[in-house]
Amino acid sequence: MIDLKLLQKDFDAISAKLARKGVDTTLIKTLKEKNEKLKLAKTEFETLQAAQNSMSKDFGIYKREGKDISELKAKVDANKIKITEALDIQRTAQEELETLAMAIPNMPDDSVPDGEDEDDNVEIKKVLTPKEFGFTPKEHWELAEQNGWIDFERGVKLATSRFSVSFGMGAKLERALINFMLNFNSKRGFDEVSVPALVNRAALEGTGQLPKFEDDLYKMQDQELFLIPTAEVPLTNLFQDEILSEDKLPIKMTAYTSCFRKEAGAAGRDTRGMIRQHQFHKVELVSIAKPQQSEEIFNDMVTCASDILTALELPHRLVTLCTGDLGFSAAYTVDIEVWLPGQNTYREISSISNTREFQARRAKIRYKDGKKNSFVHTLNGSALAVGRTLVAIMENNQNEDGSITIPEVLKPYIF
RNA sequence: GGAUCUUUGGCAGAGUUGGUCGAAUGCACCGGUCUUGAAAACCGGCGAGGGUCACACCUCCCAGAGUUCGAAUCUCUGAGGGUCCA
């Protein structure tokens with residue numbers, strides 16, 4: 001959520017920043033007006049309430065002293081009607097404000113390049129050089145089927161399209177990757193956590209998936225619970241509504257979970273293979289930090305994810321997302337894209353974001369900043385998407401006969 | 001699923017004839033005195049959000065609704081936890 005106090009003070013700066021992300025300035029203006037309206041309504045209500053409180057105190061005194069209370073009662077009753085009205089107005093104003101405020105994305109950092117979509121993202125650097133194949137490399141779905149690692153049809157049989165089943169070495173490799181990544185992250189100082197795959201509405205509001213993106217979430221029918229689209233949601237919300245002591249920070253965590261996404265807006269895209277599945281495995285990094293720590297931790301997270309790919313000998317590149325490609329909660333994001341020779345392109349395999357105070361304000365995660373309480377910064381990133389890593393291994397390590405060479409670092413994990 | 005009890009500030013724990021309770025007390029924590037230093041002892045401070053230059057003031061004692069001039073305290077509903085039963 002954006003800082004309403006700041007909005008009140010510096011409307012121009014904020015609306016300019018949000019405009020870069022495509023947020024209409026009139027919307028921000030409306031937000032400001034609604035905030036002012038709420039303030040007025042609050043003042044009105046509180047004045048009446050204060051009168052009511054003081055009269056009620058008199059009431060007790062009168063009764064104890066045996067005075068006549070009929071006149072006082074009349075006054076108090078009249079005031080009460082006004083209070084009810086004022087409260088009603090205040091509530092409406094509050095709801096209107098919240099509805100609007102919760103749907104406004106984070107402000108992009110000044111360093112974020114302008115742009116429409118992913119084509120305008122800016123490459124930071126490439127790591128490892130894609131190798132030359134003496135033959136035409138195949139795409140992963142072909143390799144997966146040929147090796148009997150992944151069965152796409154049977155996934156559809158069990159659920160619906162965009163579900164798949166892994167068998168044999170395919171399944172083993174997934175498990176090996178998860179363990180390898182968790183261990184790797186642990187060594188980099190991220191503590192392993194195991195979290196629920198179902199979360200409530202408040203958690204999803206805290207991290208920004210709700211209220212705007214409900215269509216992308218799987219929701220339980222008989223309870224207000226949702227399947228997590230990423231471990232970022234439970235990990236970040238672990239500290240919802242808490243005031244952390246300064247010496248606890250930074251908190252650096254890693255978790256493996258399945259992730260569930262409806263992919264409502266992705267009809268027709270990536271329909272083959274396992275690039276875009278409704279359920280996929282992911283190892284996630286989440287950090288809770290003091291503002292002055294967050295930049296450095298962000299870099300640690302990017303390095304960690306990139307180093308995993310390097311350890312797996314997978315060529316990849318880092319790109320800075322442009323304003324148009326930036327997610328709802330992010331102030332800035334670095335994507336890591338892995339080289340897929342079968343598709344002859346780089347594809348996203350990790351996305352690391354600093355949301356600064358945006359999620360912290362929504363989820364009310366604060367820390368003792370000396371005397372006062374301040375919002376923390378929250379950061380999240382994948383390290384890494386397991387299915388896509390498997391895809392990358394298949395395509396990069398394929399041999400002419402279609403067999404696949406297992407990366408050295410994974411061998412200790414395969415039995 | 002049924003019965004019953006319970007839900008208070010970082011923790012523990014008072015608060016049940018509704019009023020001066022945002023809430024005793026202990027611990028923890030912060031500042032000070034003392035000490036070579038530390039501990040102990042003593043003194044002071046110490047929940048959160050809004051509001052204000054600062055006060056005042058408003059809100060919050062699991063959540064929501066209700067009774068009342070007035071609710072942490074009463075009623076209802078829901079959620080979490082305990083115990084017993086099935």
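Numbers restart at 1 for each chain; the letters A, B, ... are given by sequence-line order, proteins then strands. Just so it is clear, the values below take in all heavy atoms, side chains as well, and ignore hydrogens, waters and symmetry mates.
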Please list every donor-acceptor pair under 3.5 Å in which a side-chain atom of residues 52-62 of chain A meets a protein atom from a residue at least two apart or in another chain.
| residue | atom | partner | partner atom | Å |
| --- | --- | --- | --- | --- |
| Q52(A) | OE1 | N79(A) | ND2 | 2.8 |
| S56(A) | OG | Q52(A) | O | 3.1 |

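Base pairing annotation: G1(B) forms a Watson-Crick or G-U wobble pair with C85(B), both donor-acceptor distances under 3.5 Å. Within the shown strands, nothing qualifies as a pairing partner of A72(B) under the Watson-Crick or G-U definition with both distances less than 3.5 Å. Under the Watson-Crick and G-U wobble criteria, each requiring two contacts below 3.5 Å, nucleotide C60(B) is paired to G47(B). Searching all strands for a Watson-Crick or G-U wobble partner of C27(B) with both distances below 3.5 Å returns G10(B). In this structure, A40(B) forms no base pair with any nucleotide, since neither Watson-Crick nor G-U wobble geometry is met with both distances under 3.5 Å.
In this structure, S258(A) and Q279(A) approach most closely via the heavy-atom pair OG-NE2, 3.4 Å.
Taking a cutoff of 4.0 Å between a charged side-chain nitrogen and a carboxylate oxygen, K37(A) and E96(A) qualify as a salt bridge.
Atom pair Q94(A):CD and G51(B):C1' shows a separation of 14 Å (rounding to whole Å applied).
Distances shorter than 4.0 Å separate some side-chain N or O of N53(A) from OP1 or OP2 on C58(B).
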Worked verdict on I251(A) versus L238(A) for side-chain contact (heavy atoms from CB on, under 4.5 Å): CA-CA 11 Å; I251(A) 296 169; L238(A) 281 172; over 6 Å; no
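Atom name C1', nucleotides C76(B) and G82(B): the rounded distance is 23 Å, in whole Å.
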